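Reading through the structure tokens given below for one structure.
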Amino acid sequence: MIIAEKRLIYHETWYHGLMCGIAGFIGEDRGRIDRMTDALVHRGPDGNARYVGNGVSLGHARLAILDPGPEADQPMWNDKKTVVIVYNGEIYNYRALARAEQFACRTTSDTEVILKLYEKYGIECVKLLRGMFAFALFDTAKNTLFLTRDSSGIKPLFVSRLGGTLSFASEMRALMKALPEKPKLNFAALSHYVRLHYVPGPETLCEGIESLPAGTILSYTNGREQRQAFKTAIEPIAYASKTDFSQHFPDLMDMVVKDHLVSDKPVGIFLSGGMDSSIVLHHMCRHAQKPVKTFTVRFEAKEEEDAARFNRDADTAKKTALHYGTDHREITLTAALCRDVYRDTAKALDQPNADSVAMAQFVLAREAKKHVDVVLTGSGGDELFGGYPRYRIARILSLLQFIPAPLRGAAGKLLGYPEDVLRMSTGPALAERLLARSETETNGIVSGHWYRPDVTTELFRKRFEAGRFKNDPVRAFMEFDRELWLVDESLRLADAVTMASGLECRVPFLDPLVISASHGTNTSWHTGPKRTKALLKDTYYPILPDCIRSIDKASFYPPLAKWFRRECAPLVEHALAHPRIRELFDTETLKRIFTEHREHKKYGLHTLQMIVQLSYWFDTVYDHA
């Protein structure tokens with residue numbers, strides 16, 4: 001009933017959210033909750049508080065972006081002092097909900113509105129919240145603790161039952177402060193990491209600690225746990241044609257970006273040379289205080305080292321910034337700086353992530369924090385609107401499915417694809433071929449019997465089987481990426497490196513309205529045999545500056561392969577000498593890979609970065625807890 005009644009309450013921009021860190025557990029222990037909350041101080045440098053009583057302990061570290069007064073402090077109680085909440089997030093439609101319900105609020109905080117919605121509708125109220133959030137709510141009358149996380153997984157939340165009680169925190173490092181002893185390594189998750197170079201949820205590298213899945217409500221009452229999945233209640237959007245989309249979607253995106261700009265602190269944007277962040281900037285400039293502050297990374301590289309290729313994004317971002325008259329700042333990531341911040345980046349990431357862009361984003365966030373407290377990004381646009389070449393492959397396969405595999409393979413070779421790729425069918429096997437390191441590549445680098453490459457095969461199979469778009473192979477692939485890679489690699493990385501500097505990161509493309517708009521389009525509009533993101537390009541090319549139209553999609557990455565041969569070689573040497581790496585991996589094979597990489601005989605960056613990142617995770621997180 002509440003969905004039918006409230007689903008149209010989308011938009012009214014006056015909200016007061018809190019980016020922060022939250023922690024807690026069932027049980028009363030002031031020392032333990034102090035340790036957990038103190039471990040989150042970087043996420044909430046503007047203050048912290050705890051509550052211990054009624055059989056629970058709750059902690060909150062606050063980053064005050066809006067309504068910075070003490071009346072919005074957490075943990076926050078309802079008026080009857082029967083329900084208490086610690087909350088991390090931003091709710092973009094909270095004022096509209098408050099008005100619709102005629103709530104009499106004592107604060108201008110969205111936190112209080114969540115409490116009042118809970119009093120009226122129970123925990124089902126999360127379906128009404130249009131925003132990004134993770135929160136814990138304890139109902140003293142029911143003796144129930146609720147944990148929940150937004151349906152796009154923008155904000156993280158980790159959960160454990162180790163030590164005989166339920167514990168939770170925004171970061172795994174903080175959660176480990178609540179445990180009586182160090183958790184064992186999770187070798188299934190480590191196997192995923194070896195093949196994917198990130199850790200897919202809900203597993204983590206620590207046994208007994210999980211990442212609460214996006215769009216999940218966990219309830220815990222008297223030792224009994226229940227879970228239910230939820231989706232944000234948004235009226236379905238459908239477009240009759242590509243022209244219909246092009247005429248109306250920019251207005252929706254304009255409203256969404258405007259919503260994401262509300263702040264009592266300065267707001268900027270991470271501007272790449274790509275289309276998605278340029279779209280966000282375009283709409284920002286219609287509403288934000290001018291000039292908009294834009295930030296991008298330039299990489300140290302000589303002309304003979306193909307500097308133009310590595311800095312194409314920075315060059316295009318500079319032209320885009322000039323077009324919109326922004327206050328533009330470039331941060332140069334040098335090889336020496338990359339080496340120097342590597343350890344701090346690994347610590348901030350909380351779980352190893354071998355994405356070579358991590359250090360660049362860490363440095364970018366640290367610099368941006370000197371000028372703004374909030375940044376917007378273009379994350380999510382590729383997954384929603386068909387931006388990756390792999391969706392084009394899925395599209396080709398769906399069109400050629402009735403042609404025998406050998407003929408498809410030959411055609412693929414002519415089109416520039418590996419011959420085996422177009423021999424395949426769409427689905428989990430194709431995703432594994434394109435997104436995971438092969439068993440042949442990885443079997444030779446491990447030592448012992450812990451490695452299980454099949455767990456990744458099984459993960460991909462289950463995710464595709466659980467998908468909602470079984471009859472649409474391209475959309476199935478896009479949703480697979482949005483619900484796995486985007487959540488556990490991209491969004492987790494962005495949250496970690498920005499919150500390490502106390503910087504809030506907002507993601508307009510993952511607003512439930514934009515997701516609904518994407519789902520209201522025909523997948524064939526987005527990808528074709530020769531095009532990706534066709535619909536969004538056709539819609540925005542007439543609007544955006546010419547420089548955006550002149551480039552093809554390319555990955556944003558530093559010349560780390562070159563740096564590993566020179567200035568950053570000590571990072572690899574550290575990993576090869578690390579006791580835990582020597583225990584888990586065949587270091588003689590790894591040394592050979594490093595030697596061949598340094599001598600330009602065989603490219604070894606991905607394996608080396610995976611090992612280096614893992615070694616520093618052991619140093620800064622697992623063995624430092």
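The model shown is predicted, which means the values in this text are computed figures rather than measured ones.
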Donor-acceptor contact present, side-chain Ser241 to main-chain Asp244, <3.5 Å: yes
Validation row: Lys116, Glu101 side chains within 4.5 angstrom (heavy atoms): no
Polar side-chain atom of Asn88 near backbone of Cys20 as donor-acceptor pair, under 3.5 Å: yes
Rounded distance [0.5 Å steps], OG1 in Thr216 versus CD in Gln228: 9.5 Å
Gap separating the CG atom of Leu400 from the CZ atom of Arg423, nearest 0.5 angstrom: 13.5 Å
Distance, nearest 0.5 Å, that separates CG of Leu281 from OG1 of Thr326: 6.5 Å
Inter-residue atom distance Ile237.CD1 - Ile515.CD1, 0.5 Å rounding: 10.5 Å
For Arg390, salt bridge (Lys or Arg N to Asp or Glu O under 4.0 Å) partners two or more places apart: Asp481
From CA spacing to verdict: ring pair (Phe, Tyr, Trp, His ring centres under 6.0 Å), Phe477, Tyr388: CA-CA 10 Å; Phe477 210 153; Tyr388 292 124; 9.4 Å; no
For the student: nearest non-hydrogen atoms of Arg433 and Pro418, plus distance: NH2-CB, 3.5 Å
Residues, nucleotides or ligands: over 12 heavy atoms within 6.0 Å of Lys319 NZ: no
Pair Arg329-Glu367, salt bridge (charged side-chain N to carboxylate O under 4.0 Å, His left out): steps then yes or no: CA-CA 9 Å; Arg329 287 176 169 81; Glu367 180 64 25; 5.4 Å; no
Main-chain N/O of Leu218 paired with Arg227 side-chain donor or acceptor, under 3.5 Å: no
Test item: Arg475 side-chain N/O and Phe469 main-chain N/O as donor-acceptor pair under 3.5 Å: no
Nearest-0.5 Å distance that lies between atom CG in Leu536 and atom CE in Met253: 8.0 Å
Expected output: side-chain Thr232 to main-chain Ile234 donor-acceptor under 3.5 Å: no
CD (Gln289) with more than 12 external heavy atoms under 6.0 Å: no
Close side-chain approach of Phe135 and Leu129, heavy atoms under 4.5 Å: yes
Sidechain-backbone polar pair: Lys537 side chain, Thr532 backbone, donor-acceptor under 3.5 Å: yes
Exceeds 12 heavy-atom contacts within 6.0 angstrom, atom CZ of Arg468: yes
Student check: side-chain heavy atoms of Leu196 and Trp485 closer than 4.5 Å: no
Distance-only side-chain donor-acceptor flag, Ser152 / Asp150, under 3.5 Å: no
Residues which pass side-chain hydrogen bond (donor to acceptor under 3.5 Å, both in side chains) with Tyr239, listed by chain and number, not counting sequence neighbours: none
Pair Lys290 + Asp327: basic N to acidic O under 4.0 Å: no
Pairwise side-chain contact, Phe295 with Val372, heavy-atom cut-off 4.5 Å (strictly under): yes
Lys462 NZ: over 12 foreign heavy atoms closer than 6.0 Å: no
Plane angle bin for Tyr557 and Phe310 - parallel if under 30°, tilted between 30 and 60°, otherwise perpendicular: perpendicular
More than 12 heavy atoms of other groups within 6.0 Å of Lys318 NZ: no
Any Asp495 side-chain heavy atom under 4.5 Å of Cys505 side chain: no
Ring pair (Phe, Tyr, Trp, His ring centres under 6.0 Å) assessment of Phe133 paired with Tyr87: CA-CA 7 Å; Phe133 57 86; Tyr87 154 67; 7.3 Å; no
Flag side-chain contact, heavy atom, 4.5 Å: Asp511 against His260: yes
Flag, side chain of Ser277 to backbone of Ser272, donor-acceptor distance under 3.5 Å: yes
Flag for His519-Glu479: side-chain donor and acceptor within less than 3.5 Å: yes
Donor-acceptor under 3.5 Å (Asn93 side chain, Leu128 main chain): yes
Check: Ser398 main-chain N/O paired with Gln401 side-chain donor or acceptor under 3.5 Å: yes
For Glu330, the option from Thr294, Thr296, Leu364 that meets side-chain contact (heavy atoms from CB on, under 4.5 Å): Thr296
Between CZ on residue Arg549 and CE on residue Met275, distance to nearest 0.5 Å: 9.5 Å
Whether Asp110 side chain and Tyr94 backbone form a donor-acceptor pair below 3.5 Å: no
Side-chain donor-acceptor pair present, Tyr417, Arg392, cut-off under 3.5 Å: yes
Side chains of Arg408 and Ser425, donor plus acceptor under 3.5 Å: no
Side-chain touch Leu484/Asp488, heavy atoms, less than 4.5 angstrom: yes
Residues that Thr539 engages under side chain to side chain contact (heavy atoms under 4.5 Å, CB included), provided they are two or more places apart: Phe245, Ser246, Pro250, Leu535
Non-hydrogen side-chain atoms of Arg492 and Pro156 separated by less than 4.5 Å: yes
Ring centre gap for Phe249 and Phe385 strictly below 6.0 Å: yes
Electrostatic pair Arg286-Asp254, nearest N-O below 4.0 angstrom: yes
Contact summary for Arg149 and Pro213, nearest pair of heavy atoms: NH1-C, 4.1 Å
Heavy-atom pair of closest approach, residues Phe270 and Ala365: CZ-CA, 3.9 Å
